[in-house]
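Here is how names work: the chains are called A, B, and so on, in the same order as the sequence lines, proteins then strands, and each is numbered from 1. Because the structure is a prediction, the values reported are computed rather than measured.
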Amino acid sequence: MVTGVSRDAGARCARRLADDPSIGTVLGIDVVPPRAELGRVRFVRADIRNPVIAKVIAAEGVDTVVHTGVVATPGSAGGRSSMKEINVIGTMQLLAACQKAPGVAKLVVKSSTTVYGAGPRDPAMFTEEMAPRAIHQTGLSKDAVEVEGYVRGFARRRPDVCVSTLRMANWIGPKTNSPITRYFAMPVVPTVFGYDARLQFLHEDDGVAAIHHATVNDLPGTFNLAGDGILSLSQAIRRLGRPTLRVPSFTAASTAAVVRRARLADFSPDQITFLTYGRAVDTTRMRTEFGFEPEYTTAAAFDDFRNSLGPGAVTKASSLLAAGLGALRG
Amino acid sequence: MPAEPVGVVEDVEDAPVTEAPPGLDFAGLERVVRELFGEDGERRVAEWLAFLRRRLSGNYEVDEFGYDADLTDQVLLPVLRPLAEKWFRVEVRGVENIPSDGGALIVANHSGTMPLDGLVTQLIVADHAHRPLRTLAADLVFQTPFVGELARKGGATLASNDDAERLLGRGDLVGVWPEGFKGIGKPFSERYKLQRFGRGGFVSAAMRTGVPIVPCSIVGAEEIYPLVGNIASLARLLGVPYIPITPFFPLLGPLGLIPLPSKWLIEFGEPIRTDDFADGAADDPMLVFNVTDQVRETIQQTLYALLMQRRSVFF
């Protein structure tokens with residue numbers, strides 16, 4: 001059973017699992033019917049915030065639950081309170097239902113590296129044992145921390161269930177539609193003046209493959225997942241060939257509000273601190289214990305995403321300039 | 001068909017007159033560059049253009065700590081070089097004590113109100129030992145706009161055991177100034193008196209990774225901005241450790257920011273091995289304190305010896 005299939009990431013994970021012949025039936029759960037084609041996935045319209053979910057799990061004899069239903073943006077969920085409702089209350093209900101279902105043997109949770117927060121006191125790279133240094137009280141990172149707290153509680157109460165928590169770096173790729181991809185797709189990219197964040201990305205194909213890997217193998221534990229290497233924010237924007245607008249940090253919140261009103265991208269305060277200080281995670285355990293090798297490095301994933309966008313203004317200008325110079329030279 | 005070289009020369013002569021305006025003529029530009037900078041200069045200009053091209057297209061490597069080797073080698077260190085060589089006339093001793101490969105921890109005294117000693121040491125190690133020195137800096141550095149950005153690109157990272165051990169474990173050369181703000185912000189009257197060496201975290205990091213500790217004594221940095229006073233109330237308000245008063249700052253305004261041209265001596269001492277301690281030595285506080293004291297004593301004695309050799313502060 002896969003939750004959150006009406007959104008893109010969940011739908012792709014569900015399709016990938018359904019394509020695997022070793023997996024019997026794949027149930028897709030969400031409140032609204034998915035827009036994307038689900039293929040062999042059987043869609044069940046149910047709300048994870050509602051105890052009815054327990055009946056679905058019991059009736060269908062679900063043995064594996066893949067939870068991808070954590071929402072990253074308030075906009076797509078219909079406001080911050082509703083986003084929190086889906087993320088935190090939804091996870092609580094889902095885990096409560098799993099606890100009552102003796103048939104459930106495995107839980108895979110798609111979490112995010114935002115649980116580590118972002119700040120000037122951060123170590124260069126977070127390992128799975130490190131606690132966040134910066135205190136975050138808003139948005140996805142708070143939800144992700146709470147979700148992981150409930151997942152740990154569940155793992156304690158049901159030691160017979162194999163629980164894998166996958167802390168994934170930001171997904172990126174031609175098909176991903178997330179705050180980060182919309183941010184980079186803006187014609188002029190605003191950044192915080194005087195700071196240059198370190199970024200890590202995970203290619204969307206690697207993300208889906210990792211969920212599949214965790215579902216078909218028994219890999220209990222918490223794992224950081226990210227592509228190799230890092231990009232600095234300024235470097236990433238230069239690769240896009242887009243002009244940058246550097247705004248002082250005290251105007252970052254109001255800039256984000258303007259951007260949100262213009263429906264260009266959706267920023268929460270924790271994303272602004274992320275784009276200020278950046279974050280990198282250690283992926284040693286991904287290789288040694290989780291046994292997963294991402295196909296794309298951070299830079300390769302970003303280049304794949306860039307190729308799906310049109311060329312930026314700076315690239316266009318420089319190619320025009322080069323063509324003009326070439327013409328003058330004869 | 002004319003011989004190849006002749007044809008090229010003719011082209012160069014004719015081009016500005018007949019075809020394009022002189023500013024856009026590449027052959028002409030090439031000739032001007034060659035005349036101005038010589039054959040070697042032409043290569044250097046080409047390197048610079050290649051560097052600019054890499055920067056503009058984002059086609060360079062940044063390691064996981066944010067260290068941008070391309071920027072550091074092409075811009076940051078060349079900017080520092082005249083300051084170290086011409087202004088402070090740095091004299092270096094004991095370069096052979098810096099290991100040529102593998103991890104090592106360089107521990108130095110801190111002074112001078114502004115952390116110029118850290119930057120100069122980084123340059124000296126890059127020029128003499130031909131290895132990048134990765135420095136450990138306070139979290140205040142990474143909170144400050146621009147400073148934090150440049151520090152990360154120049155190879156600095158947060159002074160914490162996690163980061164230090166990660167760098168040392170990879171076989172990097174790491175520089176640390178364990179006195180921190182206590183050393184850099186001490187009054188001029190206490191110059192060359194070492195402050196407490198933190199909590200000895202650097203020793204336990206070296207022990208855990210088994211790398212040698214290279215003591216480094218820096219003479220001269222104390223005199224660049226003699227700290228005679230501190231506006232403590234304003235410092236508290238701004239959340240910084242001190243607001244310095246020097247003989248020229250804030251009296252002369254921005255002019256007071258020019259460091260005094262003191263003569264610098266930097267000596268790297270004999271490496272102290274940490275790999276022959278038993279397992280778990282890093283968690284033995286007594287042993288860690290002893291080694292910390294040994295490093296501190298070595299640096300203090302070398303400082304006194306160097307001060308005796310120095311003829312005057314400025315020569």
Side-chain angles (χ1 to χ4, degrees), chain A residues 119-127 129-130 133-134 191-200 226 228-242 246 248-250 276-284 297-299 302-303 306 312 314-315 318 321 324-330, chain B residues 11 15 18-29 52-68 70-71 134 136-167 169-170 172 174:
Chain A
R121 283 160 203 260
D122 285 350
M125 301 198 95
F126 280 102
T127 59
E129 295 82 24
M130 287 183 190
R133 308 274 170 103
T191 63
V192 181
F193 203 33
Y195 295 92
D196 202 0
R198 291 168 302 130
L199 308 176
Q200 266 179 334
D228 285 342
I230 68 152
L231 283 176
S232 70
L233 179 58
S234 61
Q235 186 185 11
I237 297 170
R238 281 180 197 152
R239 281 186 178 224
L240 288 177
R242 273 164 209 267
R246 302 194 113 201
S249 54
F250 59 88
T276 307
Y277 298 109
R279 178 194 318 122
V281 295
D282 183 289
T283 53
T284 316
T297 63
T298 289
F302 192 78
D303 285 347
R306 177 189 64 185
V314 174
T315 317
S318 65
L321 194 71
L325 280 175
L328 277 172
R329 243 181 120 186
Chain B
D11 250 328
T18 50
E19 281 177 326
L24 287 172
D25 179 65
F26 287 101
L29 198 70
L52 275 182
R53 193 190 162 80
R54 279 200 304 277
R55 300 309 296 185
L56 286 176
S57 57
N59 208 353
Y60 48 90
E61 292 279 322
V62 178
D63 85 349
E64 60 247 71
F65 296 87
Y67 171 55
D68 188 337
D70 200 26
L71 184 78
R134 310 296 300 268
L136 301 180
D139 52 359
L140 180 71
V141 168
F142 301 105
Q143 272 168 32
T144 319
F146 301 108
V147 179
E149 184 183 345
L150 273 180
R152 274 226 177 270
K153 288 185 176 168
T157 191
L158 187 75
S160 67
N161 273 34
D162 294 328
D163 283 14
E165 281 163 32
R166 180 175 290 274
L167 277 169
R170 298 198 316 181
D172 270 310
V174 178

**Student:** CZ of A:R246 to OG1 of A:T191: how many Å apart, nearest 0.5 Å?
**Tutor:**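 Here the interatomic distance stands at 4.5 Å.
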**Student:** Does a side chain donor of either A:R238 or B:Y60 reach within less than 3.5 Å of an acceptor in the other side chain?
**Tutor:**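 The criterion, which ignores hydrogens and geometry beyond distance, is satisfied for B:Y60 and A:R238.
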**Student:** Measure distances from A:R133 to the heavy atoms of chain B and classify the residue's part below 4.5 Å as side chain, backbone, both or neither.
**Tutor:**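 Contact with chain B involves the side chain of A:R133 alone.
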**Student:** Is it the side chain or the backbone of A:R121 that comes within 4.5 Å of chain B heavy atoms, both, or neither?
**Tutor:**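 Contact with chain B is through both the backbone and side chain of A:R121.
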**Student:** For the OG atom of A:S234 and the CZ atom of A:R239, what is their distance to the nearest 0.5 Å?
**Tutor:**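 These two atoms lie 11.0 Å from each other.
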**Student:** Using a cut-off of under 4.5 Å on heavy-atom pairs, state which of A:V314, A:I237, A:D282 scores highest against chain B.
**Tutor:**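 Counting heavy-atom pairs under 4.5 Å, the top option is A:D282.
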**Student:** Name the region of B:L56, side chain, backbone, both or neither, that has any atom closer than 4.5 Å to a heavy atom of chain A.
**Tutor:**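 Only the backbone of B:L56 comes within 4.5 Å of chain A.
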**Student:** Non-hydrogen atoms of chain A under 4.5 Å away: do they reach the side chain of B:R55, the backbone, both or neither?
**Tutor:**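 Both backbone and side chain.
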**Student:** Salt bridge check, B:D63 against A:R198: does any charged N sit closer than 4.0 Å to a carboxylate O?
**Tutor:**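 Judged by the 4.0 Å cut-off on N to carboxylate O distance, A:R198 and B:D63 do not form a salt bridge.
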**Student:** When rounded to the nearest 0.5 angstrom, what is the spacing between CZ in B:F142 and OG1 in B:T157?
**Tutor:**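 It comes to 5.5 Å.
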**Student:** Given that the side chain runs from C-beta out, which part of A:F193 has a heavy atom under 4.5 Å from chain B: side chain, backbone, both or neither?
**Tutor:**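 Both the backbone and the side chain of A:F193 come within 4.5 Å of chain B.
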**Student:** Which region of A:T276, side chain (C-beta onward) or backbone (N, CA, C, O), has a non-hydrogen atom less than 4.5 Å from a non-hydrogen atom of chain B, or is it both or neither?
**Tutor:**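 A:T276 has no heavy atom closer than 4.5 Å to chain B.
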**Student:** Which bit of A:D228 is near chain B, if near means a heavy-atom gap under 4.5 Å: side chain, backbone, both or neither?
**Tutor:**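 Neither part.
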**Student:** Would you compute the distance between atom NZ of B:K153 and atom CG of B:D70 and round it to the nearest 0.5 angstrom?
**Tutor:**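 The NZ atom of B:K153 sits 11.5 Å away from the CG atom of B:D70.
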